[in-house]
Amino acid sequence: MELVIDDILRTVGDRKLSHIAEKVLEGRRINEEEALYLFESNELATIGHLAEYVNRKKNGMNAYFIVNRQINPTNVCVYQCDFCAFGVKKSDPRAYEMSMEEILGKVEETYREGGREVHIVGGIPSHWGYDKYLEIVREIKKRFPEVVVKAWTAIEIHHMAKISKKSYEEVLSELKEAGLEALPGGGAEIFSERARKIIAPNKANAEEYLEVHKTAHRLGIPTNVTMLYGHVETIEERVEHLSKIREIQDETGGFQVFIPLAYWPEGTRLGGRRTSSIDDLKTIAISRIFLDNFDHIKAYWVTLGEKVAQIALNFGADDLDGTIEEEKIVHAAGTKSAYGHSVDRLVKLIKKAGKVPVERDTFYRVVKVYD
Ligand code: V47
């Protein structure tokens, strides 16, 4: 690590950045204004070094992945958010809905291949009752008790509460009883009311999303949290998003990992452009530096692409997500990454990035080290 510190101090050319670097190296928290300064800075290498310094103190040379599968039971969605190319109306020729047998068949495939987790999220169809969400969790857990069910975003939980006229606490307790063990981080998008009004005006707002997560933490359900960036949000709104997350983590400690999600525009009503790799790496690195109370930052290879994800593992990220098998949401919006990866491929990607591949479970317990 000495070498990294020397490099950082040698390359810092401006006084403000130098002051921020000192704070980070001393393990002190940076404030919103300093995070903003980093976003506005072009000193990408310095920011990356600092982020990697923080990451190595937390995770050493480990880079994590999980053998998992994403299952999206339906793409029918009442919300029709402008940034999303996955959700469609029921009448759309692309609309699909998986039967329970199909869902269980996918879980079985994953289980036979050593899968530890199923990550289940989908569209929100108006014809599904609350029981449907409970039944999917219950049936999977009944047939495959060893598989961890990480299911339903805060948006889906909010919807379930609305249609069942129950509180978040009741819904989450009943899902936990049925076998749900963790919540994925999807649906956060960007917390800013201004930007949310443009990209996702109809679904649960930031307060509701965060209240679901806080309730889950109180009930002992760990959750992940995301930020969709690169659409209409400003840099200030990104920092505000990170700040809200850090505040809640201080209160509850229930977030396992932060996942910045780069926006893909193809096939969306919102349109726009792809993020640059410089923006992707900066966002990962600043997240790592700012979120000092998070253990893990995920470089989601689906949105970043495999190459940038590898670089991100040296810019503060310590996790690639997993084998996934069949990613559908970001592929609908044009990502050119694979739909899934074999364990061999993920191990190679991590080794070539200079890190030690570590297979983990949903809760970041080590399953196998590929030394
Ligand atoms: O909430 C939708 C995003 C998310 C687009 O918790 C898009 O471990 C880019 O949340 N371009 C779902 N992104 C994926 C997600 C996730 C993925 C991996 C791991 C975890 C975890 C969570 O995908 C949505 C939305 O923010 N998304 N459309 C798009 N056009």
Side-chain angles (χ1 to χ4, degrees), residues 64-66 68-72 75 77 79-88 116-124 148-158 181-191 195-196 199-200 203-204 206 209 212-213 216 221-233 241 245 254-275 280 283 294 296-305 309 317 319-337 340-341 360-364:
Y64 297 95
F65 70 94
I66 185 165
N68 67 350
R69 177 188 282 267
Q70 285 189 13
I71 301 176
N72 312 113
N75 62 349
C77 192
Y79 289 120
Q80 299 295 300
C81 302
D82 281 357
F83 67 86
C84 178
F86 171 74
V88 297
R116 304 256 153 192
E117 169 191 281
V118 281
H119 171 169
I120 305 178
V121 296
I124 301 186
V148 171
V149 180
K150 179 178 97 182
W152 315 129
T153 65
I155 307 302
E156 284 156 316
I157 304 292
H158 172 80
E181 283 154 280
L183 287 193
E189 322 317 354
I190 196 82
F191 294 147
R196 212 172 174 87
I199 68 163
K203 69 182 187 185
Y209 175 96
V212 168
H213 282 260
I221 303 169
T223 73
N224 299 346
V225 59
T226 57
M227 172 176 76
L228 183 71
Y229 67 92
H231 39 87
V232 303
E233 87 290 359
H241 189 103
I245 291 170
F255 290 127
Q256 305 203 97
V257 58
F258 174 64
I259 312 148
L261 296 167
Y263 170 63
W264 282 79
E266 229 176 271
T268 67
R269 280 172 295 279
L270 187 64
R273 293 170 58 182
R274 274 190 59 188
T275 58
D280 292 336
T283 305
F294 273 66
H296 304 288
I297 304 290
K298 197 178 279 190
Y300 188 41
W301 58 259
V302 172
T303 48
L304 294 176
D319 184 25
L320 282 188
D321 196 81
T323 49
I324 298 176
E325 305 279 346
E326 273 183 294
E327 201 287 332
K328 291 199 175 91
I329 298 173
V330 191
H331 279 85
T335 182
K336 303 296 177 287
S337 67
H341 277 306
R360 62 163 174 88
D361 69 5
T362 306
F363 313 104
Y364 286 84

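Counting starts at 1 for both ligands and their atoms, following the listed order.
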Min N/O separation [X] to ligand 1 under 3.5 Å:
| X | value |
| --- | --- |
| Trp264 | yes |
| Lys298 | yes |
| Leu228 | no |
| Ala188 | no |
| Pro184 | no |
| Gly186 | yes |

May I ask whether Ala262 has any heavy atom positioned less than 4.0 angstrom from an atom of ligand 1?
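Flag set, Ala262 near ligand 1.
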
Any Ala85 heavy atom less than 4.0 Å from ligand 1
no

Check: Asn72 side chain, Val121 main-chain N or O, donor-acceptor pair, under 3.5 Å
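Flag set: sc Asn72 to bb Val121 pair under 3.5 Å.
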
Minimal non-hydrogen separation, Ala182 against Thr362, with atom names
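Between these two residues, the closest heavy atoms are CB-CG2, 4.0 Å.
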
The closest protein heavy-atom partner of atom 12 (C) of ligand 1 is Ile329 CD1, 4.1 Å

Determine, stepwise, if the pair Asp361 / Arg116 fulfils salt bridge (charged side-chain N to carboxylate O under 4.0 Å, His left out).
CA-CA 6 Å; Asp361 69 5; Arg116 304 256 153 192; over 6 Å; no

Report the part of Pro265 in contact with ligand 1, treating N, CA, C, O as backbone and CB onward as side chain, heavy atoms under 4.0 Å; options are side chain, backbone, both, neither.
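For Pro265, no heavy atom sits under 4.0 Å from ligand 1.
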
Would you call the rings of Tyr64 and His296 parallel, tilted or perpendicular if under 30° counts as parallel and over 60° as perpendicular?
perpendicular

